[in-house]
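Report on the following structure.
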Amino acid sequence: MQKALLAASRQAGGISAGSDRSMPGAAGSALASGPADRVAGRYLRRVLERYPGDPVVRTAFRSVLGLCAPVTSLFAPSVAVLRPPMPTPAEPPTSPEEPGA
């Protein structure tokens, strides 16, 4: 049971620990990053730039933050943020989003 609980909480812990790297006073081995960490960090900054205006990126990002999808879903070809960012809407939506949109 403990192994199952650990496996279920691994993503939340990883997201939390990863974001702590940039906090003032962070210390220890968690600060060590390799080339893959730097590439992933740049990619995830692009995701953050694009999720407000891109419905595909937004859906994947919300699913990961809600722990409903693995972080790897942000790297799926359908979500790839290689294209320029879409403009962020100036106004909030006037109708609910369609499921899966």
Side-chain angles (χ1 to χ4, degrees):
M1 176 134 164
Q2 289 177 341
K3 286 182 181 182
L5 288 171
L6 176 63
S9 66
R10 190 174 307 274
Q11 180 173 327
I15 291 171
S16 175
S19 64
D20 288 349
R21 286 183 181 177
S22 62
M23 300 302 261
S29 62
L31 293 176
S33 63
D37 293 322
R38 289 189 289 277
V39 170
R42 271 188 246 123
Y43 181 84
L44 293 174
R45 281 191 293 280
R46 292 175 63 101
V47 167
L48 289 174
E49 291 172 352
R50 286 159 176 76
Y51 89 91
D54 189 326
V56 174
V57 176
R58 179 176 50 245
T59 300
F61 186 69
R62 285 181 179 171
S63 294
V64 169
L65 284 184
L67 303 176
C68 298
V71 173
T72 55
S73 65
L74 291 175
F75 296 88
S78 62
V79 178
V81 293
L82 305 174
R83 59 196 175 278
M86 298 171 77
T88 300
E91 298 289 325
T94 57
S95 60
E97 291 180 351
E98 294 294 321

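In this chain, residues are counted from 1 in sequence order.
- For Arg46, the side-chain contact (heavy atoms from CB on, under 4.5 Å) criterion is met by Glu49, Arg50, Val81, not counting sequence neighbours.
- Within the 4.5 Å cutoff, no side-chain heavy atoms of Phe61 are placed close to those of Val79.
- For residues 60-72, every residue pair satisfying the side chain to side chain donor-acceptor pair (under 3.5 Å) rule, not counting sequence neighbours, is listed here: Arg62-Glu97.
- The nearest pair of heavy atoms linking Tyr43 to Ala80 is OH-CA, 3.3 Å.
- Atom OH of Tyr51 and atom CG of Leu44 lie 13.0 Å apart (nearest 0.5 Å).
- Checking side-chain atoms of Ser73 against main-chain N and O of Pro70 turns up a donor-acceptor pair under 3.5 Å.
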